[in-house]
**Q** 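I'd like to ask you about the structure that follows.
Any value given below was found using the heavy atoms of this structure, including those in side chains, with hydrogens, waters and symmetry copies removed.
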Amino acid sequence: MNEALPVIRPVDQGIAKLMPDVDRERAWLLTVDGAPQSYVDLDDPTHIEFEYARRLAHAVDSAAEEGAPLDVLHLGGGAMTLPRYLAATRPGSRQVVVEADRGLLALVAEHLPLPGNAGITAHAADGRRFLERAPAGSADVLIADVFGGSRVPAHLTSREYASAARRVLRPAGLYAANLADGAPFAFLRAQLANFALEFDELALIAEPAVLRGRRFGNAVLLASHRPLDLAALARRAASDAFPARVQHGPALRRFIGDAQPVRDEDAVASPEPPDGAFGIG
């Protein structure tokens, strides 16, 4: 058997590397400019390596009955970990992936091709522009995992963006976003304030050390008009190798505090992470 070799290629937003996992025969880690972006196992798409991606998967797992197909819009593609996961766990789902980096899409299509019957369509486009042109009420789930380098772009952090997300979702739809911040959480609190204007239900999933401000890290923001299955989410998040907590209700309102929504003209990208903040785990 030929040993898999790393692939290194310039893409639109930097230098992409695909590195084989020595422990899993057809699994790959994707980095861009050294920042981990995705991990996929072509033989087992239900294997999710990154903790934040598992938390996004937990959210989608709780969004509908087990195995029920969903219409899903993904902003941010990377190596398409979650689209592959949903194609395997919810066959018949219709998924649209929007990735701004055309070169990265080409690299993934060449070296990590999707199954032909996956029901996944990829578009090289800006996520905000695509979202604003998408039909109203066209998605059951909207997943946002967009990082320019290691920061969420500013145009995906405003109240107008939150309004566009609400418009595209169906009445019982779920919004799930991967964000990153550290104490004093000015960025994360403003994001929650944005979505509190548009949705009835909010929750936040993160490791306790992140929520307590002890370190910079990922946090998954959830928003919906229907009650979230918080008990199921809490069980799943607590059972991971790196357990997380689900913050909601009065505790989440205290976390938001006096944070105000941010309009487009005042929106900023998420904070630059400190060195070493985004390890692989």
**Q** To the closest 0.5 Å, what do you measure between CG (L169) and CG (D140)?
**A**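 One gets 8.5 Å once the value is rounded to the nearest 0.5 Å.
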**Q** Going by side chain to side chain contact (heavy atoms under 4.5 Å, CB included), name the residues that satisfy it together with Q95, two or more places apart in sequence or in a different chain.
**A**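 Applying side chain to side chain contact (heavy atoms under 4.5 Å, CB included) to Q95 gives V72, H74, P83, L86, A87, S93, I120.
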**Q** Going from CG on L18 to CG on L112, what distance comes out if it is rounded to the nearest 0.5 angstrom?
**A**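 Spacing of CG (L18) from CG (L112) equals 5.0 Å.
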**Q** Could you pull out all residues at least two apart from H155 that satisfy side chain to side chain contact (heavy atoms under 4.5 Å, CB included)?
**A**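 In terms of side chain to side chain contact (heavy atoms under 4.5 Å, CB included), with neighbours along the sequence ignored, H155 is linked to D126, R128, P153.
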**Q** Would you mind reporting whether I8 and I15 have side-chain heavy atoms less than 4.5 Å apart?
**A**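 Of all side-chain heavy-atom pairs linking I8 with I15, at least one is under 4.5 Å.
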**Q** If two hydrophobic side chains count as joined below 4.5 Å and joins carry through other members, does L107 share a cluster with L42?
**A**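 Yes: a chain of side-chain contacts under 4.5 Å links L107 to L42.
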**Q** Just by modelled atom types, is the L70 backbone N or O under 3.5 Å from a matching donor or acceptor in the R90 side chain?
**A**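 Such a contact is absent between R90 side chain and L70 backbone.
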**Q** Salt-bridged, R9 to E110, with N to O below 4.0 Å?
**A**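 Yes, R9 and E110 are salt-bridged.
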**Q** Do V11 and W28 sit in one hydrophobic cluster, given that two such residues count as connected whenever their side-chain heavy atoms are within less than 4.5 Å of each other, even indirectly?
**A**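 Yes; tracing contacts between hydrophobic side chains, which count when under 4.5 Å, links both residues.
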**Q** Rounded to the nearest 0.5 Å, how far does CG of L56 lie from CG of L222?
**A**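 If I round to the nearest 0.5 Å, the distance is 8.0 Å.
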**Q** Does any pair with a residue in residues 29-46 pass salt bridge (charged side-chain N to carboxylate O under 4.0 Å, His left out), and if so which ones, sequence neighbours excluded?
**A**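 Only R24-D41, R24-D44, R26-D43 qualify under salt bridge (charged side-chain N to carboxylate O under 4.0 Å, His left out).
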**Q** Ignoring hydrogens and geometry, is there a side-chain-to-backbone donor-acceptor pair from R54 to E49 under 3.5 Å?
**A**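 Side chain of R54 to backbone of E49, a donor-acceptor pair under 3.5 Å: yes, one is there.
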**Q** Hey, are D200 and R226 close enough for a salt bridge, meaning a charged N less than 4.0 Å from a carboxylate O?
**A**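 No salt bridge links D200 with R226.
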**Q** Is it true that L230 and L174 fall in one hydrophobic cluster, defined by side-chain heavy atoms closer than 4.5 Å?
**A**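 Result: yes, single cluster for both.
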**Q** Before giving the answer on side-chain contact (heavy atoms from CB on, under 4.5 Å), spell out for T121 and V97 the whole-Å C-alpha distance, their side-chain angles and the decisive distance to 0.1 Å.
**A** CA-CA 6 Å; T121 304; V97 178; over 6 Å; no
**Q** Provide the full list of ring pair (Phe, Tyr, Trp, His ring centres under 6.0 Å) pairs with a residue in residues 123-146, sequence neighbours left out, each pair given once.
**A**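 For residues 123-146, and leaving out neighbouring residues, the ring pair (Phe, Tyr, Trp, His ring centres under 6.0 Å) pairs sorted by first residue read H123-F130.
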**Q** Does any non-hydrogen side-chain atom of L30 lie less than 4.5 Å from one of L104?
**A**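 Yes - at least one pair of side-chain heavy atoms lies under 4.5 Å apart.
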**Q** Under a 4.5 Å cut-off applied to non-hydrogen side-chain atoms, are R84 and V40 in contact?
**A**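 The answer is yes, as the side chains (C-beta and beyond) meet within the 4.5 Å cut-off.
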**Q** How would you list, by chain and number, every residue that makes a ring-ring contact (aromatic ring centres under 6.0 Å, His included) with H111, sequence neighbours excluded?
**A**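 With neighbours one apart ignored, the set is empty.
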**Q** Taking side chain as C-beta onward, heavy atoms only, is D181 less than 4.5 Å from L179?
**A**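 No, side chains not in contact.
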**Q** Evaluate side-chain contact (heavy atoms from CB on, under 4.5 Å) for V141 paired with L73, printing each intermediate quantity in order.
**A** CA-CA 6 Å; V141 178; L73 174 59; over 6 Å; no
**Q** Please list, chain by chain and in numerical order, all residues satisfying ring-ring contact (aromatic ring centres under 6.0 Å, His included) with Y85, sequence neighbours excluded.
**A**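 None.
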**Q** Looking only at atom types and distance, does a side-chain atom of R215 sit under 3.5 Å from a main-chain N or O of A209, one as donor and one as acceptor?
**A**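 Side chain of R215 to backbone of A209, a donor-acceptor pair under 3.5 Å: no, none is there.
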**Q** Suppose we screen for side chain to side chain contact (heavy atoms under 4.5 Å, CB included). Which residues come up paired with N194, at least two apart in sequence or across chains?
**A**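 Here the qualifying residues are R159, A162, Q191, P261, V262.
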**Q** Side chains of V60 and L82: closer than 4.5 Å at any heavy-atom pair?
**A**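 No, every pair of side-chain atoms sits at 4.5 Å or beyond.
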**Q** Let me confirm one number: the CD1-CG distance from I205 to N178, rounded to the nearest 0.5 Å.
**A**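 Here the interatomic distance stands at 11.0 Å.
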**Q** If you define the side chain from C-beta out and look only at heavy atoms, does anything of N218 sit under 4.5 Å from F50?
**A**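 Heavy-atom side-chain distance check fails, nothing below 4.5 Å.
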**Q** Are F185 and L221 connected into the same hydrophobic cluster when the rule is that any two of I, L, V, M, F, W, Y join if their side-chain heavy atoms are below 4.5 Å apart?
**A**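 Shared cluster, yes.
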**Q** Establish whether V152 and I256 are linked, either directly or via other cluster members, by ILVMFWY side-chain heavy-atom contacts under 4.5 Å.
**A**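 Same hydrophobic cluster.
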**Q** Looking at every heavy atom in both E132 and A164, which two are closest together, and how far apart are they?
**A**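 Answer, listing the atom of E132 first, then A164: CG-CB, 4.2 Å.
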**Q** In Å and rounded to the nearest 0.5 Å, what is the CG to CG distance from L156 to L131?
**A**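 That separation rounds to 8.5 Å.
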**Q** Return the set of residues passing ring-ring contact (aromatic ring centres under 6.0 Å, His included) with F187 (not counting sequence neighbours), or none when no residue passes.
**A**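 Checked F187 against ring-ring contact (aromatic ring centres under 6.0 Å, His included); zero matches.
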**Q** Examine distances only and state if a side-chain atom of D101 and a backbone atom of Q13 form a donor-acceptor pair shorter than 3.5 Å.
**A**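 It does hold such a pair.
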**Q** Listing request: all ring pair (Phe, Tyr, Trp, His ring centres under 6.0 Å) pairs with a residue in residues 156-182, at least two apart in sequence or in separate chains.
**A**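 Non-adjacent pairs meeting ring pair (Phe, Tyr, Trp, His ring centres under 6.0 Å): Y175-F195.
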**Q** What's the shortest heavy-atom distance between L211 and F255, and which atoms?
**A**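 Where L211 meets F255 most closely, the heavy atoms are O-CE1, 4.4 Å.
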**Q** Heavy-atom count around R170 CZ within 6.0 Å, excluding the residue itself: above 12?
**A**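 Yes, CZ of R170 has more than 12 neighbouring heavy atoms, counting only those of other groups under 6.0 Å.
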**Q** Counting only pairs under 3.5 Å, give me each side-chain donor-acceptor contact of residues 233-244, with atom names and distances, residues two or more places apart or in other chains.
**A**
residue : atom : partner : partner atom : Å
S239    : OG   : R235    : O            : 3.4
S239    : OG   : R236    : O            : 2.8
D240    : OD1  : H58     : NE2          : 3.2
D240    : OD2  : H58     : NE2          : 3.0

**Q** So which atom in H248 and which in L202 form the shortest heavy-atom distance, rounded to 0.1 Å?
**A**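 Minimum heavy-atom separation between H248 and L202: CB-O, 3.9 Å.
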**Q** Quick one, S150 and E272 - any side-chain contact, counting heavy atoms below 4.5 Å?
**A**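 The answer is yes; the side chains approach within 4.5 Å.
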**Q** Can you tell me how far the CZ atom of R94 sits from the CG atom of D71, to the nearest 0.5 Å?
**A**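 The CZ atom of R94 sits 4.0 Å away from the CG atom of D71.
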**Q** Locate the shortest heavy-atom distance separating G77 from S38; write the atom from each residue and the value.
**A**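 Reported closest heavy-atom pair: O-OG, 4.4 Å.
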**Q** Hey, does L105 have a side-chain heavy atom less than 4.5 Å from the side chain of V108?
**A**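 The answer is no; the side chains never approach within 4.5 Å.
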**Q** Please report the closest heavy-atom contact between A165 and F199, naming both atoms and the distance.
**A**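 Shortest heavy-atom contact: C-CZ, 4.4 Å.
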**Q** With distance as the sole test, does S224 use its side chain to make a donor-acceptor pair with the main-chain N or O of G173 at under 3.5 Å?
**A**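 Side chain of S224 to backbone of G173, a donor-acceptor pair under 3.5 Å: yes, one is there.
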**Q** Tell me, please, which residues at least two apart from S163 pass side chain to side chain contact (heavy atoms under 4.5 Å, CB included).
**A**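 Testing S163 for side chain to side chain contact (heavy atoms under 4.5 Å, CB included), a comparison that skips the adjacent residues, returns R166, E198.
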**Q** Using the test salt bridge (charged side-chain N to carboxylate O under 4.0 Å, His left out), find all partners of E265 that sit at least two apart in sequence or belong to another chain.
**A**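 Result, salt bridge (charged side-chain N to carboxylate O under 4.0 Å, His left out) vs E265: R263.
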**Q** Which pair of non-hydrogen atoms, one from H225 and one from P171, has the smallest distance, and what is that distance?
**A**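 Where H225 meets P171 most closely, the heavy atoms are CB-O, 3.4 Å.
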**Q** Can any side-chain N or O of Q247 pair as donor or acceptor with the backbone N or O of A203 at less than 3.5 Å?
**A**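 Answer holds: no.
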